[in-house]
Amino acid sequence: MPSEQPRVNHDWLDSDAGPVVRPYAMTGGRVAPSGGDFDLVAFVVATVPDLPIGPQLQPEHHAIVAAAWEPISVVELASQLDLSIGVVRVFLGDLRSAGLISLYEPPAATQPHDVDVLKAVVNGLRAL
């Protein structure tokens with residue numbers, strides 16, 4: 001019989017409600033990224049190896065830059081850091097505005113859909 005790991009209790013965790021610090025508290029009540037919106041499959045790349053220590057940067061900003069030293073998508077970043085996608089988007093907006101990251105969106109996300117291609121797909125599906 002495998003031995004059970006002792007459960008660690010932390011002040012910032014509540015077993016029923018999850019983290020005590022809510023996402024809006026982490027972002028200062030902001031829910032949208034500064035500098036405009038971006039696609040969730042956009043790639044994030046850090047432009048500097050280390051962030052300067054400053055009062056405006058939180059530990060999550062540092063974690064994002066460390067994780068984005070190699071290209072990583074926005075959703076992968078949120079999953080890897082165990083943060084909600086809304087929080088990550090706000091922090092990415094902060095970092096992009098400061099010039100500390102670059103975002104590369106796939107061409108399909110920035111171009112409108114071709115109506116003729118969509119019609120051909122629908123007609124092909126109907127033919128099945």
*Candidates V122, V117, V115, V121 - the one meeting side-chain contact (heavy atoms from CB on, under 4.5 Å) with K119*: V115
*Any chance you could measure E60, atom CD, to L92, atom CG, to the nearest 0.5 Å?*
12.0 Å
*Provide the closest heavy-atom pair for F38 versus G93 in the form atom of the first, atom of the second, distance.*
CE2-N, 4.4 Å
Anything under 3.5 Å between a donor and an acceptor, one on a side chain of residues 77-90, the other on a protein residue two or more places apart or in another chain? List them.
residue, atom, partner, partner atom, Å
S84, OG, V87, N, 3.3
R89, NH2, D37, OD1, 2.2
R89, NH2, D37, OD2, 3.4

*Output the distance between atom CG (L95) and atom CG (L57), rounded to the nearest 0.5 Å.*
7.0 Å
*Within residues 94-104 or reaching into it, pairs that qualify as side chain to side chain donor-acceptor pair (under 3.5 Å) - sequence neighbours excluded*: R30-D94, S34-S97, H61-D94
*asked:* Quick check: closest heavy atoms across I64 and F91, and the distance to 0.1 Å?
replied: CD1-CB, 3.5 Å
*Can any side-chain N or O of T47 pair as donor or acceptor with the backbone N or O of L100 at less than 3.5 Å?*
yes
_To the closest 0.5 Å, what do you measure between CD1 (I72) and CZ (F43)?_
9.5 Å
*Cluster check V44, V75: I/L/V/M/F/W/Y, side chain < 4.5 angstrom*: yes
_Just verifying a value: how many Å separate L40 CG and E105 CD, rounded to the nearest 0.5 Å?_
9.5 Å
